[in-house]
Amino acid sequence: MSRVLIVGAGLTGSLCACLLRRELSDKVKIVVWEKSRGTGGRMSTSRSPSNMSCTADLGAQYITATPYYSQIHKSFYEELLLHDVLKPLEATIEGMMLKDEGSLNYVTPSGVSSIVKHYLKESAGAEVFFGHHVTHVYRRGSGWEVCRKGGSPEQFDVVVLTMPVPQILQLQGDIGSLLKDSERQKLEAVSYSSRFALGLFYKAGVQISVPWAAKYVSSNPCIRYIAIDDKKRNLVSDECGPSLVVHTSVPFGLQHLEDPLEEVQPVILCELEKVMPELPKPENIKCQKWRYSQVTGSVTDCPGQITLLSKPLLVCGGDAFTHSNFDGCVESALKVFEVLKSSL
């Protein structure tokens, strides 16, 4: 039985684990390492420090399925709808750009990280570890030795890397020597946007009286998007107050990318007050920096993944090899799984 390590518990990594469990459970032992404290990656859901039932999506906000992907990924959408992970978006989002005619929008009632949690749950038997930050990958005979911060090296037969491409290129060990010049050039050319996100959490009973659930802002150099998250997800709760999400513009994110969060947060709040001067004072605030927010330039001429070595197998996947949305991650996970299935 092959021991497979999946690095990254985002959508691509969790779906890879799920597909392996469903189709190759008798051939593999699945291990997932995630460097953060929870699942989701950029599909993360944060909780208020004062009330764990009060949540906000600081990353992905909603899912848009074009007619093309609604068809080719039909089984994935149907499964998530069947399990109530997805629901049709019914709330008003001002300034939403219309994509292909016939596109469908979905929200996640339990937060966007519930998609990743669903796939990890469907990967029953997989060992999932948080706080496991990979630093080195070495080839050792017919397998791999993988090192992480603050832990002992472990041996694996197969390694799947699903983190952002710059983090793949930063790995020490034998990764550099495995990359051909043409592959390195393609990976180094990948580009990402950067932005900050704020989550504002309120006490029960507080009202935020606006006619929309979310809106895109074009008149402010800092604020790009605002959402009343519980309203966007069509939630009604007596246990907690509303939660508000703020995304900054990409130019603002780039300008302040290296600034400490404690310096950036007051600037965002000041600009938010200009956009929403009647906004009540929150009980708690969380500030999140997305250094790798969305892929703006993906790996060229790449079918959803790149295989750095076939024996022993080391493959890279994620939205950088397709495009930054739900369907891009699903597409990459399917391509990575094809490689794993043919090898195992």
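Values reported hereafter were calculated over all heavy atoms of this structure, with side chains retained and with hydrogens, waters and symmetry mates removed.
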Worksheet item: Step by step, would you call F130 with H132 a ring-ring contact (aromatic ring centres under 6.0 Å, His included)?
Response: CA-CA 5 Å; F130 299 105; H132 281 44; 8.8 Å; no
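- Taking 4.5 Å as the limit, some side-chain heavy atom of L279 sits within range of a side-chain heavy atom of L244.
- No salt bridge links D230 with R233; every basic N to acidic carboxylate O contact stays at or beyond 4.0 Å.
- One hydrophobic cluster, built from ILVMFWY side chains closer than 4.5 Å, cannot hold both I93 and V217; they sit in different ones.
- Checking each of R3, R140, E145 against Q155 for a side-chain hydrogen bond (donor to acceptor under 3.5 Å, both in side chains) leaves exactly one that passes, namely E145.
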Discussion item. Quick one, Y216 with E94, criterion side chain to side chain donor-acceptor pair (under 3.5 Å). Give me CA distance, side-chain angles, the key distance, then yes/no.
Written reply: CA-CA 6 Å; Y216 288 90; E94 288 189 4; over 6 Å; no
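- Salt bridge absent: E122 and K117 never bring a charged side-chain N and a carboxylate O closer than 4.0 Å.
- A continuous path of Ile, Leu, Val, Met, Phe, Trp and Tyr side chains, each step under 4.5 Å between heavy atoms, connects V315 with L11, placing both in one hydrophobic cluster.
- Proximity of a side-chain donor or acceptor of S25 to a complementary backbone N or O of R22 within less than 3.5 Å is not detected.
- Remark: side-chain polar atoms of K203 are not paired, donor with acceptor, to backbone N or O of C240 under 3.5 angstrom.
- Inter-residue side-chain proximity for T12 and V330 is flagged as unmet; no heavy-atom pair is nearer than 4.5 Å.
- Side-chain contact check for Q265 versus E263: every heavy-atom pair is 4.5 Å or farther apart.
- The hydrophobic cluster around I72 extends to Y68, Y69, counting ILVMFWY residues whose side-chain heavy atoms fall within less than 4.5 Å of a member.
- A donor-acceptor pair under 3.5 Å is absent between the side-chain atoms of T162 and the main chain of G318, judged by distance alone.
- With 3.5 Å as the limit, one finds a donor-acceptor pair spanning the side chains of S293 and R195.
- The closest side-chain heavy-atom distance from C147 to P153 is below 4.5 Å.
- Remark: H83 pairs with H118 by the ring-ring contact (aromatic ring centres under 6.0 Å, His included) rule, at least two apart or across chains.
- Salt bridge status for K274 with E271: present, with a side-chain N to carboxylate O gap under 4.0 Å.
- Side-chain contact between D157 and W144 is absent, with no heavy atoms from C-beta onward closer than 4.5 Å.
- Taking every heavy atom of both residues into account, S243 and F201 meet most closely at CB-CD2, 4.0 Å.
- At least one cation-pi condition fails for R42 and W290: the charged atom is not both under 6.0 angstrom from the six-membered ring centre and inside a 45 degree cone around its axis.
- For the residue pair Q61 / Y225, a side-chain donor-acceptor distance below 3.5 Å is found, with atom types taken as modelled.
- When atom types are taken as modelled, the side chain of R47 and the backbone of M52 share a donor-acceptor pair closer than 3.5 angstrom.
- Using a 4.5 Å heavy-atom cutoff, the side chains of L104 and T66 are not in contact.
- Transitive grouping of hydrophobic side chains (ILVMFWY, heavy atoms separated by less than 4.5 Å) brings M163 and L308 into a common cluster.
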Item to complete: Take S209 and Q207 through the side chain to side chain donor-acceptor pair (under 3.5 Å) test and state the conclusion after the steps.
Response: CA-CA 6 Å; S209 300; Q207 299 291 324; 5.4 Å; no
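- Grouping the Ile, Leu, Val, Met, Phe, Trp and Tyr side chains by contacts below 4.5 angstrom, directly or via other members, places L5 with F129.
- Here the side chains of V134 and Q167 are not in contact, with every heavy-atom distance at 4.5 Å or above.
- Residues satisfying the ring-ring contact (aromatic ring centres under 6.0 Å, His included) criterion with F326, sequence neighbours excluded, are Y77.
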Item to complete: Under the salt bridge (charged side-chain N to carboxylate O under 4.0 Å, His left out) rule, what do K29 and E154 come out as? Steps first, then yes or no, please.
Response: CA-CA 14 Å; K29 182 175 180 59; E154 294 191 34; over 6 Å; no
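- When every heavy atom of D174 is checked against every heavy atom of R139, the shortest pair comes out as OD2-N, 2.7 Å.
- A donor-acceptor contact shorter than 3.5 Å is absent between the side chain of D319 and the backbone of T322.
- The two residues Y106 and A65 make their nearest non-hydrogen contact at CE1-CB, 4.0 Å.
- T307 contributes no side-chain N or O that, together with a main-chain N or O of L309, makes up a donor-acceptor pair within less than 3.5 Å.
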Discussion item. Test side chain to side chain donor-acceptor pair (under 3.5 Å) on T39 and S113; report intermediate values, then the result.
Written reply: CA-CA 7 Å; T39 58; S113 67; 4.9 Å; no
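- Taking a cutoff of 4.0 Å between a charged side-chain nitrogen and a carboxylate oxygen, D229 and K232 qualify as a salt bridge.
- Under the 4.5 Å side-chain heavy-atom criterion for grouping Ile, Leu, Val, Met, Phe, Trp and Tyr, L235 is not connected to V206 through any hydrophobic cluster.
- Side chain of E34 to backbone of A9: a donor-acceptor contact under 3.5 angstrom is found.
- Using modelled atom types, one side-chain atom of S342 and one backbone atom of V339 make a donor-acceptor pair closer than 3.5 Å.
- Between V275 and I226 the shortest side-chain heavy-atom distance falls below 4.5 Å.
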